[in-house]
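No hydrogens, no waters, no symmetry mates; every other heavy atom, side chains included, goes into these values.
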Amino acid sequence: EPLSLAENYRTRPEILDLVNRVFKELFGASHEALIPKRNFVLKKEHCVEWIAVPPEERTLDASRVIEARTIASRIRQMVDSGFLVEGRGGPRPVRWRDFAILVRKTTASRFYEKELEAFSIPYFVNKGRGFFEKIEVADLINFLRVLENPSEDLPMAAVLRSPLVQLSDDALYWLTKKRFSSAPETTLAAALSRHTEITEIAEDDHRRIGEFLPLLNRLRQQKDRRKLSELLHTIVDETAYEAKALTRPDGRQASANIWKLIELASEVEDKNIRGISDLILYLKSVSNSSETEAEARIMGEEEDVLRILTVHAAKGLEFPCVVLADLGAQNASPGRPPFLCSISEGVGARVKDPEDLQTCEDASYSAILEEYKKKEAEEMDRLLYVAMTRPKEHLILSGGGSRMQFLELALTQGETSFYRVPVVLRRPSRPDEASCLADRLPGQAAGPLLERLEQQIAPVTKKYEALEDLTV
């Protein structure tokens with residue numbers, strides 16, 4: 001006899017009312033209504049919130065940016081206003097660790113991470129990815145590429161504009177103009193070596209170039225005799241790159257990523273990978289692999305940080321406040337290989353007609369493809385059920401598209417009251433501390449900025465240890 005799991009001791013009745021309404025529609029008679037059994041203190045605030053991304057946004061990525069910004073703004077507002085949740089001794093102000101943002105895939109988490117950083121919200125990503133996409137990692141890899149081949153204009157331009165050199169846009173423009181006004185084979189590096197001839201370049205930019213070129217030339221002479229990790233260490237030290245990175249809102253994470261890259265370079269040396277070109281090829285193969293490298297782990301889930309995780313990873317967990325994000329994401333369309341097979345339909349083929357070269361599918365292939373799509377839709381419904389039953393007290397639904405329209409209809413027709421969160425189109429203004437500080441490092445004191453820098457450095461003075469990093 002099937003065991004009934006209808007009694008729910010986790011979630012507020014207002015949220016369960018919505019869950020029952022949604023899944024009675026999706027699952028039909030197979031859905032067993034959840035019965036709230038836990039006694040909650042009555043609250044004035046809504047238990048369900050709604051973030052609808054404007055339909056005029058033309059791309060999914062543009063919608064995700066606005067959605068992530070609104071989510072971060074709302075979470076910041078809830079914490080700052082002392083939003084109450086139930087604790088063991090009664091109501092208490094909500095904390096960062098009470099929040100979880102659930103997404104289908106962590107590949108979409110970069111949008112939310114960026115906005116959380118902009119609103120100074122500490123977070124932890126379960127099975128996070130995107131290490132090689134981080135700007136600090138890309139900057140250092142580009143510097144290595146310049147050491148190996150200075151004639152590559154794109155990495156050279158990237159290094160010049162990065163905090164490694166911090167050349168202005170105007171200076172880069174005049175260098176590029178000099179490069180194209182000379183012989184066709186002239187490179188940006190060649191124009192750089194004659195920068196003193198370009199009178200339009202500002203004095204500060206001439207100074208930066210004058211500091212960069214000796215370092216570049218010296219490391220190019222040493223690159224075949226020194227370890228890759230030592231080269232990276234020298235680059236970071238002599239450009240004060242870590243200090244500049246620490247002035248960013250995500251400075252601690254950036255610093256940890258810098259040290260993780262140095263540690264990875266040291267590890268590949270133990271695999272008999274020698275030389276910059278071999279390292280770049282190795283890192284490229286790793287970044288393109290299915291097992292995407294995660295960022296260095298600097299925070300654990302036991303700390304007071306918001307968590308970002310997939311719905312699959314959230315199975316069996318519960319959180320006071322859950323944000324179900326990216327509901328506008330579409331199902332990944334099944335691939336179209338030449339053959340498909342299933343127990344019910346056998347083998348189906350998809351081939352080109354030799355006469356008109358048009359691709360056609362036989363009846364079995366079409367039936368199997370529809371079968372795959374149906375299974376994917378059913379899996380999406382099951383994941384939605386898991387996600388909507390994770391919160392204890394507060395649920396924020398966010399996204400756009402047909403799935404959100406369906407959920408909105410369920411909300412408006414039910415008894416659950418909800419709050420429509422105003423969409424946030426712009427981030428809060430923030431001074432560009434890195435650019436303000438760049439000219440002062442390591443020279444004259446920068447007042448409050450250096451005080452903040454010292455505070456940021458303090459937690460990460462310990463050297464990065466690979467054995468303590470569970471993502472390596």
Side-chain angles (χ1 to χ4, degrees), residues 64 67-80 83 85 93-137 245-246 248-261 263 291-326 386-387 390-396 398 455-456 458-460 462 464-472:
R64 280 171 167 164
E67 176 194 354
R69 190 165 298 158
T70 305
I71 289 172
S73 174
R74 178 57 182 151
I75 292 173
R76 177 90 248 181
Q77 183 184 38
M78 290 173 69
V79 173
D80 289 347
F83 186 91
V85 295
V94 70
R95 298 176 298 200
W96 302 124
R97 66 180 301 169
D98 295 324
F99 289 92
I101 297 178
L102 306 186
V103 292
R104 284 183 59 195
K105 297 180 180 180
T106 52
T107 50
S109 70
R110 67 184 187 276
F111 297 99
Y112 306 96
E113 294 176 49
K114 191 171 184 179
E115 298 303 326
L116 291 172
E117 290 166 3
F119 283 84
S120 302
I121 297 175
Y123 65 88
F124 169 79
V125 184
N126 279 32
K127 298 182 180 180
R129 301 184 177 189
F131 174 71
F132 293 104
E133 297 174 2
K134 303 306 290 185
I135 188 65
E136 58 275 5
V137 176
L246 280 165
R248 290 162 33 186
D250 61 338
R252 293 183 64 208
Q253 182 65 65
S255 174
N257 287 339
I258 290 169
W259 286 105
K260 178 168 182 173
L261 180 63
E263 184 68 26
E291 298 181 2
T292 311
E293 188 72 28
E295 290 188 73
R297 184 169 178 173
I298 62 171
M299 291 183 179
E301 52 194 88
E302 71 281 355
E303 299 185 45
D304 186 20
V305 294
L306 174 149
R307 292 177 62 182
I308 303 176
L309 65 164
T310 64
V311 179
H312 276 293
K315 290 180 178 179
L317 302 179
E318 60 182 36
F319 308 92
C321 304
V322 168
V323 180
L324 181 49
D326 201 22
V386 170
R390 295 310 94 197
K392 293 192 287 186
E393 299 196 45
H394 206 75
L395 173 64
I396 300 177
S398 177
Q455 294 171 358
Q456 289 270 39
V460 290
K462 184 177 181 296
Y464 172 81
E465 297 290 348
L467 293 178
E468 298 177 5
D469 187 346
L470 302 183
T471 66
V472 176

Nearest-0.5 Å distance that lies between atom [atom1] in [X] and atom [atom2] in [Y]:
{"X": "Asn257", "Y": "Glu136", "atom1": "CG", "atom2": "CD", "value": "4.5 Å"}
{"X": "Ile101", "Y": "Glu113", "atom1": "CD1", "atom2": "CD", "value": "9.5 Å"}
{"X": "Ile75", "Y": "Tyr112", "atom1": "CD1", "atom2": "OH", "value": "11.0 Å"}
{"X": "Arg307", "Y": "Phe99", "atom1": "CZ", "atom2": "CZ", "value": "14.5 Å"}
{"X": "Phe83", "Y": "Arg95", "atom1": "CZ", "atom2": "CZ", "value": "14.5 Å"}
{"X": "Arg104", "Y": "Leu324", "atom1": "CZ", "atom2": "CG", "value": "11.0 Å"}

Checking [X] now: which residues fulfil salt bridge (charged side-chain N to carboxylate O under 4.0 Å, His left out) with it, not counting sequence neighbours?
{"X": "Arg64", "result": "Asp61, Asp326"}
{"X": "Arg110", "result": "none"}
{"X": "Glu393", "result": "Arg12"}

Would you say Asp98's side chain and Cys321's backbone share a donor-acceptor pair under 3.5 angstrom?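 No: the side chain of Asp98 does not pair with the backbone of Cys321.
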
Minimum heavy-atom separation for [X] and [Y], please, with both atom names.
{"X": "Arg390", "Y": "Ala314", "value": "CD-O, 3.3 Å"}
{"X": "Leu309", "Y": "Ala100", "value": "CD2-CB, 4.1 Å"}
{"X": "Pro122", "Y": "Trp96", "value": "CG-CD1, 3.5 Å"}
{"X": "Ala325", "Y": "Ile71", "value": "CB-CD1, 4.0 Å"}
{"X": "Val94", "Y": "Met78", "value": "CG1-O, 3.8 Å"}
{"X": "Gly251", "Y": "Leu246", "value": "O-CD2, 3.5 Å"}

Scan Leu395, Leu306, Ile396, Ile308 and name whichever one has a side-chain contact (heavy atoms from CB on, under 4.5 Å) with Val323. Ile396

For Glu318, what residues pass the side-chain contact (heavy atoms from CB on, under 4.5 Å) criterion, not counting sequence neighbours? Arg10, Lys392

Checking Ser73 now: which residues fulfil side-chain contact (heavy atoms from CB on, under 4.5 Å) with it, not counting sequence neighbours? Phe119, Val424

Salt bridge flag under 4.0 Å for residues Arg248 and Glu117: no

If we check salt bridge (charged side-chain N to carboxylate O under 4.0 Å, His left out) with Glu115, which of these qualifies: Arg69, Arg74, Arg76? Arg69

Set of residues satisfying ring-ring contact (aromatic ring centres under 6.0 Å, His included) with respect to Phe319, sequence neighbours excluded: none

Any Leu102 side-chain heavy atom under 4.5 Å of Thr310 side chain: no

